[in-house]
Chemist: 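Mind having a look at this structure? Questions to follow.
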Amino acid sequence: MRALLAIETSCDETSAAVLDGPSSIRSNVVLSQDALHAPYGGVVPELASRQHLSSIVWVVRQALDKAGVGMRDVDAFAVTQGPGLIGSLLVGLSFAKALAYSFGRPLFGIDHIEAHIEAALIEHPEAPFPCLALVVSGGHTSIYLLEKELEYRLLGRTRDDAAGEALDKVAKFLDLGYPGGPVIEKLAAGGNPDLFPFGSPQMTDRSLDFSFSGLKTAALRHIREGGLNKTHPRLPDFLAGFEQAVCRAVMENLKRATNLHPPRSLLLSGGVARNARLRRAFEEFARRLGSAFFLPSPRLCTDNAGMVGALAWKRFLRRGEGGLDLALNAYPRSILPPTVLRKKKKKS
Ligand code: KG4
Ligand code: ZN
């Protein structure tokens, strides 16, 4: 295979990439819809799918031009199937199917969260297995165990908000802008994270699932009780405290996962993996554990088609050519059930 064209439209980024090898991204064009959704403080699904529809042809053309290839040079296509916003996913999926059908090429349907994990391996194909992978984004917060390459076992996922979603919602409440994660990171710089107390979310069933709704409620209480707003002098302290609480909750579960499934390497990916505080906490933990660790460079953390193409190329190398399944469908939620660690029943 000489060239693969990948498409990603699971949320609010329209992206296309051309690859000429499993870790070789020739172009990776990402057209963000941030400005479109900013007035609403979050993604409006109907607006997102319409915007994908009007952007996708331009984005794909840009990706081909930047890579210096024509559509006839493309030997295979890849597209995100899910999880994500169903209307957004269907735009990318229908477009990719139409291209694959008309050019008579195979099409790989790719899972978005597995692609985020792959983003950490593109620049570090040497990462040893088993790996524990932590994906922290706006739509997902999950831990996976990869015993081997391309073998994913979901250990835990969020039961309510994702970590990025909690950051986005608190930013929206304070009218700070969208997306909230980077805005909070900027405004929290220089703040003292220890002045506003936040508890640690605990799962009563000992699972490795996450929950961020309690932290979000605690944040809203601090905002109301402290009369916090955009211009309040204590805002940087509050935001630093909230950011720290989110990072701590994420890292707590990773620590527990490493006790249950000692890994040879740790991976961190997803949009929130751009956050300097989380990157630092992850690095410090991995060094203390004595484990190898890998993070994607920031541009590969947030949604992009390069990671989708990289995973598809690996699938191609593992399983061969692949075909064109016109029944390939989009799915809004993760299709893997989480592994819940149930308490052992006492023998009576
Ligand atoms: O991976 P992504 O692009 O989309 C999903 O799959 O959800 O992640 C987007 C999320 C948003 O919630 C955004 O606020 C968050 O990533 N994010 C950040 C940072 N940059 C993006 N969160 C914290 N710090 C950042 N620097
Ligand atoms: Zn994502």
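First listed ligand is number 1; within each ligand, the first listed atom is number 1.
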Chemist: Find, among atoms of D303 that are N, O or S, the one nearest to the Zn ion (ligand 2), and state its name.
Modeler: OD1
Chemist: Does the pair K169/E165 count as a salt bridge with the N-to-O cut at 4.0 Å?
Modeler: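 Between E165 and K169 there is a salt bridge, with a charged N closer than 4.0 Å to a carboxylate O.
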Chemist: Give, for atom CG of L107 and atom NZ of K97, the distance between the pair rounded to the nearest 0.5 Å.
Modeler: 8.5 Å
Chemist: Suppose you place the vertex at the Zn ion (ligand 2); what is the angle out to H116 NE2 and H112 NE2, to 10°?
Modeler: 100°
Chemist: Number the atoms of ligand 1 from 1 as they appear, then name those within less than 4.0 Å of a heavy atom of H116, with their elements.
Modeler: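 In order of number, 1 (O), 6 (O).
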Chemist: Just jot down the ligand 1 atoms closer than 4.0 angstrom to any heavy atom of G164, in number order.
Modeler: 12 (O)
Chemist: Considering both backbone and side-chain atoms of L167, is one of its nitrogen or oxygen atoms within less than 3.5 Å of a nitrogen or oxygen in ligand 1?
Modeler: no
Chemist: Under 6.0 Å between ring centres, would you say that holds for H140 and H116?
Modeler: no
Chemist: How does E243 reach ligand 1, by side chain, by backbone, by both or by neither, if only non-hydrogen atoms under 4.0 Å count?
Modeler: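 It is neither; nothing of E243 touches ligand 1.
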Chemist: Taking side-chain contact (heavy atoms from CB on, under 4.5 Å) as the criterion, tell me which of L53, T9, L85, N329 meets it with L90.
Modeler: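 Only one of L53, T9, L85, N329 forms a side-chain contact (heavy atoms from CB on, under 4.5 Å) with L90, namely N329.
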Chemist: In terms of atom number and element, which parts of ligand 1 are under 4.0 angstrom from non-hydrogen atoms of E185?
Modeler: 24 (N), 25 (C), 26 (N)
Chemist: Of all the atoms in ligand 1, which lie at a distance below 4.0 Å from a heavy atom belonging to G139?
Modeler: 5 (C), 7 (O)
Chemist: When you compare the side chains of S211 and D160, does any donor N or O come within less than 3.5 Å of an acceptor on the partner?
Modeler: yes
Chemist: Indicate whether the side chain of D194 and that of Q244 have a donor and an acceptor atom separated by less than 3.5 Å.
Modeler: yes
Chemist: Just to be sure I read this right, does ligand 1 sit under 4.0 Å from the backbone of D168, its side chain, both, or neither, counting only heavy atoms?
Modeler: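 It is the side chain that gets close, since no backbone atom is under 4.0 Å.
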Chemist: Any atom of ligand 1 sitting under 4.0 Å from a heavy atom of P182?
Modeler: yes
Chemist: Can you see whether S297 engages E123 through a side-chain donor-acceptor pair at a distance of less than 3.5 angstrom?
Modeler: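 Yes, because at least one side-chain N or O of S297 sits under 3.5 Å from a partner of the opposite role on E123.
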Chemist: If you have a sec, work out which protein heavy atom is nearest atom 17 (N) of ligand 1 and how many Å separate them, to one decimal?
Modeler: G271 O, 3.6 Å
Chemist: For side chain to side chain contact (heavy atoms under 4.5 Å, CB included), just list the numbers for E149 and F129, CA-CA rounded to whole Å, side-chain angles, deciding distance to a tenth of an Å, and then say yes or no.
Modeler: CA-CA 7 Å; E149 189 176 79; F129 292 88; 4.0 Å; yes
